[in-house]
Amino acid sequence: EQLQAHAAGRPVKDILDLAVGTAESLLAARALFPDAALHGIDLSAKMLEVAQAKLGFDAIHDDVNNAARHFRPASVDLIQMHFLTTFIDGRKVVRETSELLRSGGLYSIVSTTYESFPVLRDIVLQIVSKDFLDQASPNPHDPEVVASFLRDAGLEIVALEQFETDVSFANFFELYDFGLKSGFFTHILAQVDESKVTEFQALNVPFPLRDRYK
């Protein structure tokens, strides 16, 4: 919706998706700009394989930190960084990749922040340290931090929206299944010792667990 609102009438010829994943964001962009050339970079060859089964695009198997090596400056009209800020230095990557934008180009960021799942976060901090959680999932603290990535790169903020929705988990197994399969907690679960999962189960967690995603 944001792209539709702000890219209307702009000549979008080249789209770059940073960490293209399974290409859902790129599919949405193609629907809006059917004539644009599509480019996607991802560290995972398997992700690219899944993405290429859905649509044809210029697939680059590399780290997004190297994205600027694959494109000339001012050669892209739209860059998408969706659900990537947890895994990279967002400020650095935005600064370097913003040089790839043509005049009038757009940079779209979708990001989880530290404010997401506040109830669950407080429960998890009973069994792991804040330092561990910050290392395992280094989210930007709030939307203003995400916006600062763009401002520091010399870009103008044309829209900033915070999305919120209530979430509920009936029991531990539903929560674990969601966390693993959705990708929201996969990177944390991959780094925590199995004993911590047992500790979490032993806590007096009030299920159904109700939280708010931001």
Side-chain angles (χ1 to χ4, degrees), residues 1-7 16-21 24-25 28-29 42-43 63-65 67 78-101 105-169 175-176 178-192 196 200 205-206 208-214:
E1 289 175 350
Q2 292 282 18
L3 291 176
Q4 207 162 20
H6 297 283
L16 170 59
D17 198 324
L18 300 175
V20 69
E24 290 303 307
S25 290
D42 205 288
L43 191 61
D63 191 312
V64 295
N65 285 290
L78 169 62
I79 296 176
Q80 299 186 144
M81 179 193 281
H82 294 173
F83 295 105
L84 176 60
T85 51
T86 305
F87 307 100
I88 48 102
D89 181 341
R91 197 173 306 278
K92 172 182 176 289
V93 172
V94 172
R95 183 176 65 248
E96 292 176 356
T97 54
S98 65
E99 300 295 324
L100 306 178
L101 284 175
L106 292 169
Y107 206 121
S108 169
I109 299 183
V110 181
S111 171
T112 303
T113 69
Y114 186 75
E115 297 175 332
S116 304
F117 304 105
V119 174
L120 181 60
R121 182 188 66 230
D122 289 347
I123 294 171
V124 168
L125 285 173
Q126 295 180 46
I127 58 171
V128 301
S129 69
K130 185 176 182 301
D131 284 345
F132 170 82
L133 198 58
D134 287 346
Q135 172 273 319
S137 185
N139 288 313
H141 189 274
D142 53 45
E144 180 51 40
V145 173
V146 180
S148 73
F149 296 166
L150 296 163
R151 292 194 187 97
D152 287 357
L155 300 174
E156 175 191 356
I157 307 292
V158 294
L160 177 62
E161 179 181 357
Q162 180 165 289
F163 171 81
E164 299 186 33
T165 187
D166 292 322
V167 291
S168 179
F169 305 101
L175 171 62
Y176 189 90
F178 165 82
L180 194 64
K181 293 180 179 178
S182 68
F184 277 114
F185 312 137
T186 314
H187 54 296
I188 301 173
L189 292 169
Q191 296 178 67
V192 356
K196 295 298 182 182
F200 186 96
V205 177
L209 178 65
R210 294 183 174 84
D211 209 341
R212 189 151 184 84
Y213 172 68
K214 295 184 180 181

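Computed from heavy atoms alone, side chains included, the values below leave out hydrogens, waters and symmetry copies. All figures in this text were calculated on a predicted structure; none of them were measured in a lab.
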Let me know which of Leu84, Ile109, Val94 forms a side-chain contact (heavy atoms from CB on, under 4.5 Å) with Leu18. Leu84

So how far is it from Tyr107 OH to Thr97 OG1, rounded to the nearest 0.5 Å? 2.5 Å

Could you tell me whether Arg151 and Glu144 have a side-chain N and a carboxylate O separated by less than 4.0 Å? yes

I need the minimum non-hydrogen distance between Gly21 and Asp42, along with the two atoms involved. N-OD2, 2.8 Å

Is the shortest side-chain heavy-atom distance between Asp211 and Pro118 below 4.5 Å? yes

Taking C-beta and beyond as the side chain, do Asn65 and Ile88 meet within less than 4.5 Å on heavy atoms? yes

Gln191 versus Ala136, closest heavy-atom pair with distance: NE2-O, 3.4 Å

For Phe149 and Thr85, run side chain to side chain contact (heavy atoms under 4.5 Å, CB included): C-alpha distance rounded to whole Å, both residues' side-chain angles, the deciding distance at 0.1 Å, then the answer. CA-CA 10 Å; Phe149 296 166; Thr85 51; 4.1 Å; yes

Count the heavy atoms belonging to other residues, nucleotides or ligands that lie under 6.0 Å from CD of Gln4, then report whether that count exceeds 12. no

Take atom CD of Glu156 as the centre, draw a 6.0 Å sphere, and report whether it contains more than 12 heavy atoms from other residues, nucleotides or ligands. no

Kindly state whether the ring of Phe200 and the ring of Tyr176 have centres lying under 6.0 angstrom apart. no

Tell me which donor-acceptor pairs under 3.5 Å the side chains of residues 119-133 have, and how far apart each pair is, sequence neighbours excluded?
{"unit_1": "Arg121", "atom_1": "NH1", "unit_2": "Tyr114", "atom_2": "O", "d": "2.6"}
{"unit_1": "Ser129", "atom_1": "OG", "unit_2": "Phe132", "atom_2": "N", "d": "3.0"}
{"unit_1": "Lys130", "atom_1": "NZ", "unit_2": "Asp134", "atom_2": "OD2", "d": "2.7"}

List the atom of Leu189, the atom of Gly179, and the distance in Å for their closest heavy-atom pair. CD1-C, 4.2 Å

What's the spacing between Ser98 OG and Met81 CE if we round to 0.5 Å? 10.0 Å

If I compare all heavy atoms of Ser137 with all of Thr86, which pair ends up nearest, and what's the gap? OG-CG2, 3.5 Å

Might you point out which heavy atoms bring Ile157 and Ala147 nearest each other, and give the distance in Å? CD1-O, 3.7 Å

Please name all residues satisfying side chain to side chain contact (heavy atoms under 4.5 Å, CB included) with Thr112, sequence neighbours left out, ordered by chain then number. Phe83, Ser116, Asn139, Phe184, Tyr213

Shortest non-hydrogen contact from Arg95 to Glu99? O-CG, 3.8 Å

Spatial distance of atom CD (Gln2) from atom CG (Leu160) [nearest 0.5 Å]: 8.5 Å

Can you tell me which residue among His6, Gln80, His82 is in a side-chain hydrogen bond (donor to acceptor under 3.5 Å, both in side chains) with Ser108? His82

